[in-house]
Enquirer: 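Below you'll find the structure I mean.
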Protein chains: 2
Amino acid sequence: MDVVVDQISLRRYNLSAVLRHLCGAGPRSRARIATDLGLNKATVSSLVAELGERGLVLAGDVERGQVGRPGQVVEVDGRVCGLGLQLGVDHVAAYVLDLRGEMVSSHHRRLDIQDLGPAGTLAMLAELIGSIVGGAAQDGRHIAGVGVGVPGLVESAAGSLRIGANLGWRDTRVVDELVTLLGNPEYPIHLDNDANLAAIAERATGCAVGAGNLIYLTGDVGIGGGVIVDGRVLRGADGFAGEVGHMTLAGDGRLCGCGRKGCWETVAGMPALLREIADPGSPIADPAMELQERLAEIRRRAELGDARTLRGLDAIGTGIGLGASVLVNIFNPQVLVLGGFFSVLGDLLMPAIQGQLSGQVVSESLSQCRVERSAFPFTAAARGGAHVVLESVLADPTRVPPGLARAGGSR
Amino acid sequence: MDVVVDQISLRRYNLSAVLRHLCGAGPRSRARIATDLGLNKATVSSLVAELGERGLVLAGDVERGQVGRPGQVVEVDGRVCGLGLQLGVDHVAAYVLDLRGEMVSSHHRRLDIQDLGPAGTLAMLAELIGSIVGGAAQDGRHIAGVGVGVPGLVESAAGSLRIGANLGWRDTRVVDELVTLLGNPEYPIHLDNDANLAAIAERATGCAVGAGNLIYLTGDVGIGGGVIVDGRVLRGADGFAGEVGHMTLAGDGRLCGCGRKGCWETVAGMPALLREIADPGSPIADPAMELQERLAEIRRRAELGDARTLRGLDAIGTGIGLGASVLVNIFNPQVLVLGGFFSVLGDLLMPAIQGQLSGQVVSESLSQCRVERSAFPFTAAARGGAHVVLESVLADPTRVPPGLARAGGSR
DNA sequence: CTTAGTTTGTTCAATCAACGGACAAAGATT
DNA sequence: AATCTTTGTCCGTTGATTGAACAAACTAAG
């Protein structure tokens with residue numbers, strides 16, 4: 001029912017405030033934290049002591065000011081980490097990030113989802129998670145949780161992928177399966193839509209740092225959307241919000257993979273681009289071609305001034321901009337982040353996108369929405385998964401048990 | 001910077017929890033509140049006492065259970081009220097609602113915005129506010145604040161209407177003007193977009209009670225959108241979110257009042273309906289005709305089975321459904337509320353709307369979005385303005401100064 | 001080198017909110 | 001009349017934040 005507050009949650013909240021402040025604003029003395037946050041120095045001392053016991057902060061350098069006693073800098077401890085994974089149709093990426101915001105390790109594996117099927121893929125995922133967590137422990141690090149991103153309609157609270165069209169999965173209880181395979185690990189596992197996680201990553205350390213309202217677009221076969229509203233992921237009533245790729249924008253449009261007609265992805269996804277710039281059967285449209293190679297080839301043609309390629313990019317950019325203008329009208333975000341191939345080819349697509357936005361957005365004269373190319377075009381979701389874990393620690397530092405205190409840290 | 005909690009805000013939060021619980025769940029004994037909220041009986045007694053001193057709750061009947069000592073029921077005091085106003089192109093509506101959720105009074109005035117201009121209109125508004133507040137005080141009631149809804153791009157935090165196309169206003173500092181005209185009243189004045197307020201009203205007491213995610217559409221000359229995400233109004237970076245009427249949905253579309261082409265309102269607004277069902281110059285398309293009369297005439301024709309009218313309603317319903325499906329895909333709301341003429345003609349439009357939605361929404365197979373006709377087709381915004389005020393009292397009961405305690409209540 | 005001034009961080013008593021237990025009040029049941 | 005049940009208050013305890021005092025550590029000026 002209604003959430004009520006007692007003194008324990010008050011303490012928790014202030015622990016969170018101090019830790020979050022250190023993460024966001026950087027290392028500083030206790031006295032500085034106190035004035036920054038409006039807390040009493042004594043309170044901050046007490047809070048910092050508890051955070052230290054939990055292995056979340058440690059003593060840093062001594063900082064001399066102009067006059068007066070130098071301060072003992074408190075800084076975030078890098079031992080507590082989040083593990084994020086991103087499952088794509090042909091690969092899996094994993095990142096370990098620590099609370100300081102630094103990347104501890106990254107892992108990439110190719111795999112054939114079709115071949116492995118859900119069970120085989122999840123077994124492989126579980127094994128990967130297990131080995132990363134084990135390796136981190138040997139390094140004296142503590143994985144506080146795992147965040148997994150998958151493309152499709154995800155019921156995040158239930159840890160279930162309801163419809164994963166691209167993976168060919170349906171009603172897969174990903175979290176339950178992984179928990180079983182890993183033998184009920186002590187760390188929690190969180191499942192989310194890949195675009196949501198990507199948006200979180202861009203906001204945390206990417207090209208949208210500090211933006212409370214942003215939209216991330218995955219440029220892939222389809223177009224996925226991750227929307228952050230006032231700092232929180234837009235989920236909707238059942239967690240299915242953000243299905244921007246299937247907005248009906250072209251009434252006269254062609255058939256979409258979802259069975260409907262005129263979906264946005266049909267005019268701005270990768271197949272649409274290939275249709276524009278190449279005849280069917282031409283080598284560049286060969287499904288077997290590596291994505292990176294295909295994008296490199298498109299860029300080569302564009303830079304040589306190939307008219308059809310340039311026209312095609314302009315058309316796709318206009319298509320992207322058309323849908324983007326709808327979203328910007330609705331959400332009035334600070335930033336629109338282009339992911340996937342939208343980002344890789346971003347410089348070529350940008351003029352058309354910007355043209356659409358400035359022509360179609362109502363509030364354009366009052367406020368401008370920045371359009372940015374993703375800082376991590378194909379790996380943002382994995383990083384976002386790690387950030388979800390780290391955010392849960394920031395929101396409730398008492399989730400990390402005390403005792404990690406003076407474990408030695410570095411090896 | 002970061003918000004920090006001390007014991008005062010802890011108290012505030014729990015006062016809020018108790019008051020909100022009473023508003024939402026109805027009158028009940030202290031003991032019942034304690035078990036409902038998980039608070040200690042002693043704590044609840046203390047909280048209730050303070051709420052009583054502030055004139056927010058009062059002692060009700062004695063409630064006998066099966067056995068044991070009867071409980072003293074605590075109920076919400078109706079003396080604290082919110083005043084909401086809604087400014088339309090040709091009228092202003094005002095509602096006073098009390099914390100119990102009951103309507104204390106309503107006021108309607110016709111006015112010619114064009115004729116009065118911003119200054120004259122605001123003077124009239126101020127006078128209306130003053131007289132209502134004065135009248136309420138004589139009734140022993142306390143107006144805790146004023147919420148004003150206007151159509152257009154509103155910067156709510158600044159209390160400014162940036163672009164009010166229908167009113168013909170631009171960069172009007174509504175709140176500042178009213179505060180000056182009213183001589184710095186002690187109650188705060190809040191300005192918001194009318195669709196936002198309407199959404200709040202429907203969620204508070206209308207057809208979307210309890211829905212954390214909903215979309216309100218004003219069916220007017222244009223289409224305004226008010227979106228609630230996880231219980232909070234979607235504002236975006238600058239407060240201009242929700243401009244759904246100017247989504248570009250019809251690429252080949254006709255010119256919109258905003259200067260662009262293919263906006264949603266051009267295919268589903270009132271002018272589009274009139275274009276479909278009547279020739280230019282026909283009496284029903286006469287701008288001088290009263291809206292209510294026009295709607296009645298359309299209904300008459302539809303019920304007589306006039307083919308053109310039925311075709312037109314179907315076309316407009318399809319147009320509404322087209323844009324609605326885009327919104328439902330993006331937001332995954334529990335409820336979509338139709339306001340204005342969408343609501344009045346709702347029964348006639350619904351088949352086409354529902355048809356579009358079931359055909360165009362991706363998650364339709366997993367979760368269904370209810371479509372409802374507004375409970376207050378043309379006055380929801382005024383009610384919503386009052387609810388904003390009441391919500392601010394619920395969020396922080398200490399805003400109401402103590403001393404209203406035993407002032408006598410009834411007149 | 002000494003002294004004054006500044007800033008940091010800890011200690012300690014005070015304050016305040018919530019809590020648990022005890023208890024009186026008020027009624028139903030036997 | 002005795003017992004049981006429930007309500008609401010009282011009171012001492014717990015725990016978190018706070019303000020003031022103070023020692024520590026350093027700079028700047030004389």
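Numbered from 1 within each chain, the chains take letters A, B, ... in sequence-line order.
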Enquirer: Calculate, to the nearest 0.5 Å, the distance between atoms CG and CG belonging to Leu234(A) and Leu234(B) respectively.
Expert: 8.0 Å
Enquirer: Could you tell me how far apart Leu39(B) (CG) and dG20(C) (C1') are, to the nearest whole angstrom?
Expert: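 Between C1' of dG20(C) and CG of Leu39(B): 14 Å.
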Enquirer: What string of B, S and - do you get for nucleotides 10-16 of chain D 5' to 3' if you count protein non-hydrogen atoms under 4.0 Å?
Expert: B----BB
Enquirer: To the nearest 10°, give me the bend of the helix from dC1(C)-dG30(D) to dT30(C)-dA1(D), comparing the axes of its five terminal pairs at either end.
Expert: 10°
Enquirer: How many Å lie between CD on Gln72(A) and P on dG9(C), as a whole number?
Expert: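 Rounded to whole Å, this separation is 7 Å.
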Enquirer: Give, for atom OG of Ser156(A) and atom CG of Asp238(A), the distance between the pair rounded to the nearest 0.5 Å.
Expert: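 If I round to the nearest 0.5 Å, the distance is 12.5 Å.
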Enquirer: Are Ser45(A) and dG9(C) close enough that a side-chain N or O sits under 4.0 Å from OP1 or OP2?
Expert: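 Checking dG9(C) against Ser45(A), no side-chain N or O comes under 4.0 Å of OP1 or OP2.
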Enquirer: Decide yes or no for His387(A) and Thr205(A): does some side-chain heavy atom of the first lie under 4.5 Å from some side-chain heavy atom of the second?
Expert: yes
Enquirer: Could you tell me whether Glu391(B) and Arg232(B) make a salt bridge, using a distance below 4.0 angstrom between a side-chain N and a carboxylate O?
Expert: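 Salt bridge flag = no for Arg232(B) with Glu391(B).
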Enquirer: Measure from CG on Leu37(A) to P on dT17(D) and round the result to the nearest Å.
Expert: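 After rounding, the reported distance stands at 12 Å.
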Enquirer: Of all residues at least two apart in sequence or in a different chain, which pass the side chain to side chain contact (heavy atoms under 4.5 Å, CB included) check with Ala386(A)?
Expert: Leu97(A)
Enquirer: Give one of base, sugar-phosphate or nothing for Ser29(A), where a contact means two heavy atoms less than 4.0 Å apart.
Expert: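 Counting heavy atoms under 4.0 Å across all strands, the contact made by Ser29(A) is with sugar-phosphate only.
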Enquirer: Taking N or O atoms only and anything under 3.5 Å, show me the protein contacts with nucleotides 28-30 of chain C, one pair per line.
Expert:
unit_1: dA28(C); atom_1: O3'; unit_2: Gln66(B); atom_2: O; d: 3.1

Enquirer: Rounded to the nearest 0.5 Å, what separates atom CG in Leu15(B) from atom CZ in Arg399(B)?
Expert: 14.0 Å
Enquirer: So that I can tick it off, tell me whether Glu50(A) and Arg12(A) are bridged by a salt bridge, with the cut-off set at under 4.0 angstrom between side-chain N and carboxylate O.
Expert: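 Salt bridge absent between Arg12(A) and Glu50(A).
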Enquirer: Measure from CZ on Arg12(B) to P on dC16(C) and round the result to the nearest Å.
Expert: 16 Å
Enquirer: First locate atom CG of Asp98(B), then atom OG of Ser105(B), and finally report the distance between them rounded to the nearest 0.5 Å.
Expert: 10.5 Å
Enquirer: Compile the donor-acceptor pairs under 3.5 Å between side chains in residues 185-192 of chain A and protein atoms, sequence neighbours left out, one pair per line.
Expert:
unit_1: His190(A); atom_1: NE2; unit_2: Asp192(A); atom_2: OD2; d: 3.3
unit_1: Asp192(A); atom_1: OD1; unit_2: Asn196(A); atom_2: ND2; d: 3.1
unit_1: Asp192(A); atom_1: OD1; unit_2: Arg235(A); atom_2: NH1; d: 3.2
unit_1: Asp192(A); atom_1: OD2; unit_2: Arg235(A); atom_2: NH1; d: 3.4
unit_1: Asp192(A); atom_1: OD2; unit_2: Arg235(A); atom_2: NH2; d: 2.6

Enquirer: Which pairs of donor and acceptor atoms, one on a side chain in residues 57-67 of chain B, lie under 3.5 Å apart (sequence neighbours left out)?
Expert:
none

Enquirer: Roughly how far, to the nearest 0.5 Å, is the CG atom of Asp77(B) from the NE2 atom of His142(B)?
Expert: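 It is 11.5 Å, given to the nearest 0.5 Å.
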Enquirer: Give a yes/no answer on whether the side chain of Arg69(A) brings an N or O atom under 4.0 Å of OP1 or OP2 in dG5(C).
Expert: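 For dG5(C), neither OP1 nor OP2 has a side-chain N or O of Arg69(A) closer than 4.0 Å.
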